Amino acid sequence: MTTDAHVGFDPAATLDQINAATESLLETAVQFTDADVRAPSLLPNWSRGHVLTHLARNADGGRRLLIWARTGVETPEYPSLAARAEQIEAGAGRDADQLVADLRDSAAQFAAEYRRMPLAAWKRTVRWTRGQERPAARAADSRLCEVLVHHADLGSGYTPERWPADFVQAMMGRVVASFGAREGAPAMRLHATDTGASYDVGAVGAAVAIHGPERSLLAWLMGRSQGLELAVQGCAVLPKPPFLY
């Protein structure tokens with residue numbers, strides 16, 4: 001029986017997923033040398049040190065949102081987007097051991113605060129730095145997404161092919177909904193050849209049909225793949241999804 005703070009959310013199961021994703025991330029990070037963390041990541045203008053620092057500060061921000069939900073005392077995720085960027089830049093140049101220690105400690109503190117959350121607190125609305133107001137349960141979903149997606153951004157052998165199937169399925173729904181709410185998103189009918197799932201973005205009658213494995217579809221939609229494994233019908237080339245993440 002699922003213990004829901006909102007429909008489909010199981011706090012204990014999601015924490016298990018976050019912890020497993022974090023352990024996998026740490027297994028990658030502990031192998032980095034100082035030269036490795038200075039090397040470019042797959043994200044424009046960010047080194048691996050930037051990505052690892054971002055993940056640590058993201059854990060801190062998520063923990064503060066959980067404190068807000070648990071206590072009712074407004075505890076902002078970050079002071080501002082500018083402050084967030086400054087924190088990442090300030091920490092990116094540290095040596096590999098410092099980056100890994102920060103990543104591990106911040107993740108442990110996030111998990112500790114997570115375990116303090118009473119079930120009712122997951123329903124409480126908190127506000128992200130960009131202004132979105134959502135149930136605190138989204139902070140759990142967001143943390144899992146950050147760890148899995150940015151692990152792939154390290155360019156260290158971990159790829160979207162290793163994203164868990166349940167994450168891919170849940171994230172596909174969110175990404176499609178996000179694109180559907182945007183002006184100018186290309187009309188697409190997406191078909192996952194491995195799971196049989198279909199997703200529509202925009203006006204179906206004018207949609208480009210795109211087929212491929214669900215992980216490949218998600219990686220392409222999120223800008224983590226060029227979509228070489230995908231087949232397209234109704235257009236000579238794949239459309240360009242809007243920037244998401």
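Each residue takes its place number in the sequence, starting with 1. Note that the coordinates shown come from a computational prediction; the quantities given were computed from them, not determined experimentally. Heavy-atom basis, side chains included; hydrogens, waters and symmetry copies ignored.
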A.B. asks: Under a plain distance cut-off of 3.5 Å, with no hydrogens placed, do His50 and Ser47 share a side-chain donor-acceptor pair?
C.D. replies: yes
A.B. asks: Return the CG to OH distance between Leu25 and Tyr158, rounded to the nearest 0.5 Å.
C.D. replies: 9.0 Å
A.B. asks: Could you give all pairs that pass the side-chain hydrogen bond (donor to acceptor under 3.5 Å, both in side chains) test and reach residues 20-32, with sequence neighbours left out?
C.D. replies: Thr28-His151
A.B. asks: Decide side chain to side chain contact (heavy atoms under 4.5 Å, CB included) for Phe32 and Leu52; before the verdict, give the C-alpha distance in whole Å, the side-chain angles of both, and the deciding distance to 0.1 Å.
C.D. replies: CA-CA 11 Å; Phe32 288 152; Leu52 295 174; 4.1 Å; yes
A.B. asks: Which value, rounded to the nearest 0.5 Å, describes the distance between Leu230 atom CG and His211 atom NE2?
C.D. replies: 10.5 Å
A.B. asks: Main chain of Gly93, side chain of Arg38: is a donor-acceptor contact present, judged purely on distance under 3.5 Å?
C.D. replies: yes
A.B. asks: Does the Ser106 side chain pair with the main chain of Ala59, one donor and one acceptor, at a distance under 3.5 Å?
C.D. replies: no
A.B. asks: Does Pro11 offer a backbone N or O that forms a donor-acceptor pair with the side chain of Tyr114 under 3.5 Å?
C.D. replies: yes
A.B. asks: Looking at every non-hydrogen atom in both residues, tell me the closest pair between Pro186 and Val201 and how far apart they are.
C.D. replies: O-CG1, 3.5 Å
A.B. asks: Begin with the C-alpha distance, continue with both residues' side-chain angles, and end with the deciding distance and a verdict on salt bridge (charged side-chain N to carboxylate O under 4.0 Å, His left out) for Arg84 and Glu77.
C.D. replies: CA-CA 9 Å; Arg84 169 182 172 272; Glu77 180 191 22; over 6 Å; no
A.B. asks: Heavy-atom distance under 4.5 Å between the side chains of Asp102 and Arg94, does that happen here?
C.D. replies: yes
A.B. asks: Please walk me through it: do Arg116 and Glu113 pass salt bridge (charged side-chain N to carboxylate O under 4.0 Å, His left out)?
C.D. replies: CA-CA 5 Å; Arg116 295 187 185 101; Glu113 183 57 42; 3.0 Å; yes
A.B. asks: Look at the side chain of Thr53 and the backbone N and O of Gly91, then say whether any donor-acceptor pair between them is shorter than 3.5 Å.
C.D. replies: yes
A.B. asks: Could you verify whether a donor N or O on one side chain and an acceptor N or O on the other, from Tyr199 and Glu214, lie under 3.5 Å apart?
C.D. replies: yes
A.B. asks: With a 4.5 Å limit on heavy-atom distance, are the side chains of Arg63 and Leu66 in contact?
C.D. replies: no
A.B. asks: Find the distance between CG (Leu154) and CG (Leu42) and round it off to the nearest 0.5 Å.
C.D. replies: 8.0 Å
A.B. asks: Evaluate the ring planes of Trp163 and Phe167, with Trp represented by its six-membered ring, and classify them as parallel (under 30°), tilted (30 to 60°) or perpendicular (over 60°).
C.D. replies: perpendicular
A.B. asks: Is the backbone of Met222 close enough, under 3.5 Å, to the side chain of Arg224 for a donor and an acceptor to pair up by distance?
C.D. replies: yes
A.B. asks: Would you call Ser198 and Leu190 a side-chain contact if the rule is heavy atoms closer than 4.5 Å?
C.D. replies: no
A.B. asks: Can you tell me if Asp34 uses its side chain to pair, donor with acceptor, with the backbone of Ala96 under 3.5 Å?
C.D. replies: yes
A.B. asks: Okay, side chain of Arg162, backbone of Ala152: is any donor-acceptor separation there less than 3.5 Å?
C.D. replies: no
A.B. asks: Decide if atom CD of Gln226 counts as having more than 12 heavy atoms of other residues, nucleotides or ligands within a radius under 6.0 Å.
C.D. replies: no
A.B. asks: Rounded to the nearest 0.5 Å, what's the gap from CE on Met171 to CG on Leu144? Could you check?
C.D. replies: 9.5 Å
A.B. asks: Roughly how far apart are Thr14 OG1 and Asn19 CG, rounded to 0.5 Å?
C.D. replies: 11.0 Å
A.B. asks: Just by distance, with hydrogens left out, do Asp166 and Gln17 show a side-chain donor and acceptor under 3.5 Å apart?
C.D. replies: yes
